[in-house]
Amino acid sequence: MSIAERKQEEKQEMHQRILNGARKIFLEKGYEKTSMRNIANEINYSAGILYFHFKDKTEIFQELQKEGFTLLLNQLKVLNSVVDPFERLKASGRVFIQFAQENKDYYNLMFLVEEAVKDPTENRFKIAQEAINHMCSMIRDCQRQGKFKDMDTDYFTFMVLSAMHGICALFCKDRTTSFINKTNEELMENGYDCFVALLEKS
């Protein structure tokens with residue numbers, strides 16, 4: 001490995017170390033109370049090192065969100081080979097829920113940790129929009145085959161996403177404890193199955 005390659009590798013490792021430390025701090029403190037200094041403290045480096053890699057905490061936060069949406073979208077796109085659009089839609093919901101179960105930190109940062117300033121032209125919002133468009137496209141395919149044909153596509157997409165997100169948000173925020181003698185897995189799996197049953201009747 002050349003010196004230049006080694007330096008590039010070290011830069012990438014530091015970049016990822018900052019993101020890993022920042023993920024923990026954003027989740028513990030929230031966006032407003034997170035600073036470049038306490039991210040630096042988390043990884044035992046000076047704040048100056050962080051500024052070499054990122055402009056500010058907003059850029060770090062946006063990078064974490066972009067990572068999460070990219071991971072989710074890639075998992076959803078695996079289902080593109082499923083020919084029946086309704087089966088693909090149902091499977092996508094399960095993938096969405098599984099993503100939240102396996103990537104709770106990412107899910108919180110993508111959807112539940114509130115950021116002060118939001119610019120919809122930023123790249124991480126573009127990839128979030130791509131995920132929504134992906135879902136909307138599946139529903140249009142279902143409508144072409146006669147499902148949900150009397151429903152407005154955008155409103156119906158919003159309803160489907162809201163149902164899936166509601167299941168995931170209750171899990172991520174530990175709001176499922178009121179359902180005594182039911183595990184998170186049981187609630188999420190069977191709750192989603194109930195939702196699917198409603199879709200199948202429509």
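Hydrogens, waters and symmetry mates play no part in the numbers below; they use all other heavy atoms, side chains included.
Between A131 and L73, the shortest heavy-atom distance links the atoms CA-CD1, 3.7 Å. In terms of heavy atoms, F148 sits closest to L199 at CE2-O, 3.7 Å. Across V78 and S81, no two heavy atoms sit closer than the pair O-OG, 3.7 Å. Counting all heavy atoms, side chain and backbone alike, G68 lies closest to F99 at O-CZ, 3.6 Å. For the residue pair M36 and L50, the shortest heavy atom distance occurs at O-CD2, 3.4 Å. Residues A22 and I39 share a closest heavy-atom pair of CB-CD1, 3.8 Å.
Hydrophobic cluster membership differs between L170 and L27, with clusters built from Ile, Leu, Val, Met, Phe, Trp and Tyr side chains linked at under 4.5 angstrom. A continuous path of ILVMFWY side-chain contacts below 4.5 Å connects L112 to F171, so both sit in one hydrophobic cluster. In terms of hydrophobic clustering, with Ile, Leu, Val, Met, Phe, Trp and Tyr side chains grouped at heavy-atom distances under 4.5 Å, I132 and M138 are assigned to a common cluster.
To the nearest 0.5 Å, atom CZ of residue F86 and atom CD of residue E200 are 5.0 Å apart. Separating the CD1 atom in I43 from the NZ atom in K24 is a distance of 12.0 Å, to the nearest 0.5 Å. Interatomic distance, CD1 of I97 versus CG of N184, reported as 12.0 Å (0.5 Å rounding). The structure places CG of L64 at 11.0 Å from CD of E59, a figure rounded to the nearest 0.5 Å. Atom CG of N41 is separated from atom OG of S35 by 7.5 Å, given to the nearest 0.5 angstrom. Once rounded to the nearest 0.5 Å, the distance linking CE of M110 with CG of L71 reads 8.0 Å.
Looking only at atom types and distance, the side chain of N38 has no donor-acceptor partner in the side chain of E42 under 3.5 Å away.
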Between H15 and E63, does the side-chain contact (heavy atoms from CB on, under 4.5 Å) criterion hold? Intermediate values first, please. CA-CA 11 Å; H15 187 92; E63 181 71 18; 4.3 Å; yes

side-chain contact (heavy atoms from CB on, under 4.5 Å) for F52 and I18? Distances and angles first, verdict last. CA-CA 11 Å; F52 180 74; I18 293 168; over 6 Å; no

H53 and K11: side-chain contact (heavy atoms from CB on, under 4.5 Å), yes or no, with the steps? CA-CA 8 Å; H53 293 268; K11 182 179 179 181; 3.7 Å; yes

I'd like to know whether F54 forms a side-chain contact (heavy atoms from CB on, under 4.5 Å) with L19, so could you lay out the CA-CA distance, the side-chain angles of the two residues, the decisive distance to 0.1 Å, and finally the verdict. CA-CA 10 Å; F54 295 96; L19 291 175; 3.8 Å; yes

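Within the 4.5 Å cutoff, side-chain heavy atoms of E130 are placed close to those of K77. Annotation: side chain of Y45 is in contact with side chain of M14 (closest heavy-atom distance under 4.5 Å). K104 has its side chain within reach of N108: a pair of non-hydrogen atoms, C-beta onward, lies under 4.5 Å apart. Between M135 and M164, some side-chain heavy-atom pair lies under the 4.5 Å cut-off. The side-chain heavy atoms of K147 and L89, taken from C-beta on, include no pair separated by under 4.5 Å. Counting heavy atoms from C-beta on, the side chains of V160 and F195 come closer than 4.5 Å. Under the 4.5 Å side-chain criterion, counting only non-hydrogen atoms from C-beta, Y107 is not in contact with Q101. Side-chain contact check for R88 versus D141: some heavy-atom pair is nearer than 4.5 Å.
Q145 places no side-chain N or O within donor-acceptor distance of the main-chain N or O of D84, the cut-off being under 3.5 Å. Under the 3.5 Å distance criterion, the side-chain polar atoms of Q65 are matched with a main-chain donor or acceptor of L109. Side-chain atoms of K57 do not come within 3.5 Å of backbone N or O of R37 as any donor-acceptor pair. S137 places no side-chain N or O within donor-acceptor distance of the main-chain N or O of N133, the cut-off being under 3.5 Å.
Applying the side-chain contact (heavy atoms from CB on, under 4.5 Å) test to R94 and every residue at least two apart in sequence or in another chain returns K90, Y192, D193, V196. For the side-chain contact (heavy atoms from CB on, under 4.5 Å) test, residues two or more places apart in sequence or in another chain that qualify with S162 are F158.
Not less than 6.0 angstrom separates the ring centroid of F111 from the ring centroid of Y106.
Salt-bridge check for E67 with R23: passed, with a basic side-chain N closer than 4.0 Å to an acidic carboxylate O.
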